[in-house]
J.: 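My questions all concern the structure below.
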Amino acid sequence: MRWLAVSDPGHPERQILLEKPGAPAMSEETAEQVRELVTRGVMGGWLILTTPDCRKTYETLLAQGVEFTEEPTERPYGIDCGLRDPFGNRIRFTQPAA
C-alpha cells in the first residue's frame with residue numbers, strides 16, 4: 001500500500017492524504033478500474049487550496065512542468081486555476097477576493 005501525506009509545516013494538524021488505489025484495499029483488477037475512472041475525471045471530488053497570489057502560484061508550478069487544465073481566471077469569489085495530478089485527481093488553487 002502506498003500513500004503520500006502532505007502538510008503545511010506551520011500547520012501540521014492539516015494533512016492531505018493522497019493514495020493510489022490498490023492492494024490491500026482492493027484487488028488489482030478493481031484498482032485498475034478505479035484508476036481508469038479517476039484518470040478520466042469521472043470520480044467526484046476536488047482538492048481546493050488557497051493562495052495569496054494565484055497567478056504567481058500558476059507560473060511557479062507551470063515552470064516546474066505541472067500541466068494545468070485551466071489558467072488563472074477571474075471569478076466572483078476571486079481568481080482560480082485548475083489542474084489534474086498524474087492520477088486524474090482534480091486540484092484547484094484559489095486566491096479569494098479581497
J.: Test of understanding: clusters of I, L, V, M, F, W, Y form through side-chain heavy atoms closer than 4.5 Å, transitively. Do Val6 and Leu49 belong to the same one?
T.: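 They do share one cluster, since a chain of ILVMFWY contacts under 4.5 Å joins Val6 to Leu49.
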J.: Where the side chain of Thr50 meets the backbone of Gln95, is there a donor-acceptor pair that is under 3.5 Å apart?
T.: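 No; judged by distance alone, with no hydrogens or angles, the pair does not exist.
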J.: Looking at every heavy atom in both Gln15 and Ala5, which two are closest together, and how far apart are they?
T.: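 The answer is OE1-CB, 4.4 Å.
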J.: Going through the checks in order, is the side-chain contact (heavy atoms from CB on, under 4.5 Å) test met by Val34 and Met26?
T.: CA-CA 10 Å; Val34 170; Met26 59 189 74; 4.0 Å; yes
J.: Heavy-atom distance under 4.5 Å between the side chains of Thr73 and Ile79, does that happen here?
T.: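 The answer is no, as the side chains (C-beta and beyond) never meet within the 4.5 Å cut-off.
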J.: Measuring from Phe93:CZ to Cys81:SG, what's the distance to the nearest 0.5 Å?
T.: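 Nearest 0.5 Å value for the CZ-SG distance: 7.0 Å.
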J.: Can you tell me how far apart CG (Asp80) and OH (Tyr58) are? Round to the nearest 0.5 Å.
T.: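 It comes to 12.5 Å.
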J.: Find the distance between CD (Glu71) and CG (Leu62) and round it off to the nearest 0.5 Å.
T.: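 That separation rounds to 8.5 Å.
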J.: Taking atom types as modelled, is there a side-chain donor on Thr60 or Thr57 under 3.5 Å from an acceptor on the other?
T.: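 Their side chains do not contain a donor-acceptor pair, so the 3.5 Å distance test is not met.
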J.: How long is the span from the CD atom in Glu28 to the CD atom in Gln33, to the nearest 0.5 Å?
T.: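 The CD atom of Gln33 is 10.5 Å from CD of Glu28, to the nearest 0.5 Å.
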J.: Counting distance only, does the side-chain N/O of Arg35 pair as donor-acceptor with the main-chain N or O of Pro21 below 3.5 Å?
T.: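 At least one qualifying donor-acceptor pair exists.
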J.: Please round to the nearest 0.5 Å and tell me the distance separating atom CD of Glu59 and atom CG of Asp53.
T.: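 Spacing of CD (Glu59) from CG (Asp53) equals 10.0 Å.
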J.: With a 4.5 Å limit on heavy-atom distance, are the side chains of Asp85 and Ile91 in contact?
T.: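 Yes. Closest side-chain heavy atoms under 4.5 Å.
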